[in-house]
Amino acid sequence: MQHLPPPDDDALAHSARLREVIQGQIIAAGGSMPFWKFMELALYAPGLGYYSAGATKFGDAGDFVTAPELSPLFAACVADALAPVLQQLGPEACFLEVGGGSGAFAETCLAKLLADDALPARYAILEPSADLRERQRARLQQRLPPLLFELVEWLDGPIQDPWRGVLFANEVLDALPTPRFAIRDSEVLEEHVALDGEGRFLRVDRPADPLLAAAVRHVERQLPQPFAEGYRSELLAQLPYWLQAVVGGMGDGALLFVDYGHPRAEYYQPQRRDGTLRAFRRHHLVEDVLALPGLQDITASVDFTALAEAGTGAGFEFTGYCHQASLLIGNRLQENLALAEARAAGDIARHNLRQQAKLLTLPSEMGERFQAMGFQRGVEFGAAFLAGDLSHRL
């Protein structure tokens, strides 16, 4: 923590403006707001939230590095996993990327789908941040040939008209504003954010609404033992509704999610008494998630059992669940690495590619911390998960 550089004056002033907005909403709400609402404002408040404002988020100059930023090998392998589905659906298929990051994934994915003879009729990016949308547009217009750039469109919301295709989301679920619950005197409470006498944010507990309370009891029934007194964690009871909304009018096709998280029994282990909530700034873990709103990413791990329930509940067939390493290795990582090495300009570039492959797949790096889950309807997508299916752990 001692190496984390302090924010500059402009950043502090930006955070202060967002803090005032949140303070005003807390007062208007009667003195407290659910934690998920605080997280929503801290990340997505128009023009002020972490993802809505102009600071660099991704890469060495940002706060974290995602797999598409780390290496084009990630997107190449995901494209190879999804290309057979697009070929099954035919030339009118659509590729929907939820949360486009810097545009790095779309850049590599489109080029690989062209090479795989699996180009969709449209490549849609559902990106809520106007700032990120403009960064994506500038990058793709500069780096893609016109043939591919013309396929790209940005959406203001899910596709409501009937459509067929694939939906892909990398590190999206962990950024969904999540409720926090606590167990006190055998009752389910919900964590709120309130103000102390000097206007600083602090956590308080309030009675949980029926949806959250029922969801907590549903999870508890599936665990070896009840939640202990004082246990606190996250539970995204709205996940099924979010998933149904984001697929919109989708008919046949496949869904693929990659994120960090755990199966339910591991997520809610007794020793994980304060959940998985955390914040990041400049590649440093920040203990105080309420500090400096707008300047740090707030995130929680994914309950992959809940994702499996949501996907099947939305009418899709569960396809597979595996580590990120297995997804990439099972979808031509070695071939994509060899191809990239053949095109690389010199030994240093080839060495860097091999290092990137290690970071994507080593258990101590991204290989096992990140997992992938797929769903299908009217297509066959199971081959993507043959390298190491972990469905038995759900």
Side-chain angles (χ1 to χ4, degrees), residues 19 22-44 173-242 260-280 285-293 296-310 394:
R19 176 181 290 273
I22 299 174
Q23 289 170 332
Q25 293 207 19
I26 288 175
I27 293 170
S32 73
M33 65 168 55
F35 172 79
W36 69 263
K37 183 64 177 178
F38 173 90
M39 184 174 174
E40 180 181 70
L41 291 168
L43 296 182
Y44 302 108
L173 300 175
D174 65 85
L176 294 178
T178 180
R180 294 259 293 167
F181 72 89
I183 303 298
R184 296 287 182 196
D185 299 324
S186 299
E187 296 296 323
V188 179
L189 303 177
E190 180 172 5
E191 186 174 295
H192 279 228
V193 178
L195 303 173
D196 68 9
E198 298 181 10
R200 292 176 298 217
F201 299 129
L202 75 160
R203 303 184 194 190
V204 297
D205 293 331
R206 299 284 186 261
D209 64 41
L211 175 64
L212 180 60
V216 170
R217 296 308 187 196
H218 167 75
V219 166
E220 190 175 44
R221 286 192 293 271
Q222 299 182 6
L223 300 176
Q225 58 195 60
F227 289 122
E229 174 72 12
Y231 193 90
R232 187 178 300 269
S233 191
E234 307 82 34
L235 199 156
L236 192 60
Q238 297 87 351
L239 181 60
Y241 308 104
W242 178 88
Y260 47 84
H262 314 277
R264 178 165 289 158
E266 297 175 26
Y267 195 110
Y268 296 108
Q269 288 179 339
Q271 60 266 37
R272 193 174 278 127
R273 291 181 56 85
D274 196 40
T276 69
L277 188 73
R278 53 209 184 274
F280 290 94
L285 181 66
V286 180
E287 292 185 6
D288 187 357
V289 298
L290 303 182
L292 298 173
Q296 59 188 27
D297 184 29
I298 304 174
T299 179
S301 297
V302 176
D303 174 357
F304 275 93
T305 305
L307 180 58
E309 292 172 347
L394 295 171

Between [Y] and [X], is there a side-chain heavy-atom distance shorter than 4.5 Å?
{"X": "P263", "Y": "F304", "answer": "no"}
{"X": "Q222", "Y": "Y268", "answer": "no"}
{"X": "V286", "Y": "F280", "answer": "no"}
{"X": "Q238", "Y": "P179", "answer": "yes"}
{"X": "Y260", "Y": "V302", "answer": "no"}
{"X": "L176", "Y": "L173", "answer": "yes"}

Non-neighbouring partners of [X] that pass side chain to side chain donor-acceptor pair (under 3.5 Å), sequence neighbours left out:
{"X": "Q25", "answer": "none"}
{"X": "Y267", "answer": "E234, T276"}
{"X": "E198", "answer": "R200"}
{"X": "Y231", "answer": "none"}

Which residues share a salt bridge (Lys or Arg N to Asp or Glu O under 4.0 Å) with E187, sequence neighbours left out: none

Under the salt bridge (Lys or Arg N to Asp or Glu O under 4.0 Å) test, residues paired with R264 that sit two or more places apart: D303, E309

With sequence neighbours excluded, residues passing ring pair (Phe, Tyr, Trp, His ring centres under 6.0 Å) with Y44: Y51

Contacts of type ring pair (Phe, Tyr, Trp, His ring centres under 6.0 Å), residue F181, not counting sequence neighbours: F227

Shortest non-hydrogen separation from [X] to [Y] and the atoms involved:
{"X": "A279", "Y": "Q296", "answer": "CB-NE2, 3.6 Å"}
{"X": "R180", "Y": "D274", "answer": "NH1-O, 3.0 Å"}
{"X": "L285", "Y": "R278", "answer": "CD1-CB, 3.6 Å"}
{"X": "L239", "Y": "A310", "answer": "CG-CB, 4.1 Å"}
{"X": "L394", "Y": "A308", "answer": "CD1-CB, 4.3 Å"}
{"X": "L236", "Y": "T178", "answer": "CD1-CA, 3.8 Å"}

By side chain to side chain contact (heavy atoms under 4.5 Å, CB included) - contacts of E229 (at least two apart): R184, D185

With Q269 via side chain to side chain contact (heavy atoms under 4.5 Å, CB included) - residues at least two apart: E266, Q271, R272

L223 side, atom CG; H218 side, atom NE2 - distance, nearest 0.5 Å: 10.0 Å

Nearest-0.5 Å distance, CD1 of residue I22 to CG of residue L290: 9.0 Å

Review item, side-chain donor-acceptor pairs of residues 202-213, under 3.5 Å, at least two apart:
from	atom 1	to	atom 2	distance (Å)
D205	OD1	R232	NH1	2.9
D205	OD2	R232	NH2	2.9
D209	OD1	L211	N	3.1
D209	OD1	L212	N	2.8

Check: A175 main-chain N/O paired with T299 side-chain donor or acceptor under 3.5 Å: no

Under 3.5 Å, side-chain donor or acceptor atoms of residues 30-43 against the rest of the protein: list the pairs with distances, not counting sequence neighbours.
from	atom 1	to	atom 2	distance (Å)
S32	OG	H192	ND1	3.0
K37	NZ	E40	OE1	2.9

